[in-house]
S.K.: 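My structure is below; once you've seen it, I'll send some questions.
Positions are given from 1, in the same order as the sequence printed here.
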Amino acid sequence: MNSDDERKVLLNFRELTRRFGPSGFMVLAHLRATADRVNGQLVANTTCRETADAVGLSRSTVGRIFNDLCVQRIIEGSVSSRGSRFVVPESVLGLIPDDLPVADRIS
């Protein structure tokens with residue numbers, strides 16, 4: 001990763017943590033990192049326990065975050081006690097709203 005790419009990631013991270021909170025961003029990033037391509041979409045198969053262990057949160061917190069991300073329509077799917085299957089966005093960094101102040105927007 002070159003320095004321009006690194007700068008873009010770090011500035012986008014700030015906006016994503018404002019939008020989803022640090023825990024929400026960690027869960028979303030984990031889902032994206034572990035997703036597999038299925039029929040042209042990125043699909044993450046996981047459990048609250050598996051994700052909680054991976055990101056260092058409680059299972060109940062991860063379950064709440066899963067539900068919040070679904071309600072916000074960031075991911076599609078449903079939370080189940082036997083395992084969850086989510087369609088996740090191609091790029092977590094692409095979730096930045098277009099109406100950011102000009103000084104914070106990356107060209």
S.K.: For Arg37, look at atom CZ and say whether over 12 heavy atoms of other residues, nucleotides or ligands are found less than 6.0 Å away.
M.R.: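 Counting neighbours around CZ of Arg37, more than 12 heavy atoms of other residues, nucleotides or ligands fall under 6.0 Å, so yes.
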S.K.: Quick one: pull up CD1 in Ile75 and CD1 in Ile65 and give me the separation to the nearest 0.5 Å.
M.R.: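 Answer for the CD1-CD1 pair, Ile75 versus Ile65, is 10.0 Å.
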S.K.: Considering all heavy atoms of both residues, which atom of Val88 and which atom of Ala35 are nearest to each other, and what is their separation?
M.R.: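 The pair with the smallest heavy-atom distance is CG2-CB, 3.7 Å.
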S.K.: Looking at residues at least two apart in the chain, or sitting in another chain, which of them share a side-chain contact (heavy atoms from CB on, under 4.5 Å) with Asp68?
M.R.: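 Partners of Asp68 under the side-chain contact (heavy atoms from CB on, under 4.5 Å) test: Arg64, Gln72.
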S.K.: Grab the two heavy atoms, one from Gly77 and one from Cys70, that are nearest each other, plus how far apart they are.
M.R.: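 Smallest heavy-atom distance, with atoms named: O-SG, 3.5 Å.
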S.K.: Val79 and Cys48: which non-hydrogen atoms are nearest, and at how many Å?
M.R.: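 Nearest heavy atoms, Val79 then Cys48: CG1-SG, 4.1 Å.
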S.K.: Any non-hydrogen side-chain atom of Thr34 less than 4.5 Å from a side-chain atom of Thr46?
M.R.: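 No, every pair of side-chain atoms sits at 4.5 Å or beyond.
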S.K.: Ignoring hydrogens, what is the shortest heavy-atom contact between Thr47 and Gly83? Give both atom names and the distance.
M.R.: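 Residues Thr47 and Gly83, closest heavy atoms: CG2-CA, 3.8 Å.
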S.K.: Could you give the distance from CG (Asp53) to CZ (Arg59), rounded to the nearest 0.5 Å?
M.R.: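 Separation between the atoms: 8.0 Å.
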S.K.: Are Leu31 and Val87 linked, directly or through other ILVMFWY residues, by side chains that come within less than 4.5 angstrom of each other?
M.R.: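 No, Leu31 does not connect to Val87 through the hydrophobic network.
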S.K.: Is the closest side-chain heavy-atom distance between Val38 and Arg85 below 4.5 Å?
M.R.: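 They are in contact (side-chain heavy atoms under 4.5 Å apart), so the answer is yes.
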S.K.: Can you name the nearest heavy-atom pair linking Gly40 to Glu90, along with the distance?
M.R.: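 Residues Gly40 and Glu90, closest heavy atoms: O-OE2, 4.1 Å.
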S.K.: Check whether Leu42 and Phe86 end up in the same hydrophobic cluster, where Ile, Leu, Val, Met, Phe, Trp and Tyr are linked by side-chain heavy atoms less than 4.5 Å apart.
M.R.: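 Yes, Leu42 connects to Phe86 through the hydrophobic network.
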S.K.: Got a second to check how far Thr61's OG1 is from Phe66's CZ, nearest 0.5 Å?
M.R.: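 Rounded to the nearest 0.5 Å, the OG1-CZ separation comes to 11.5 Å.
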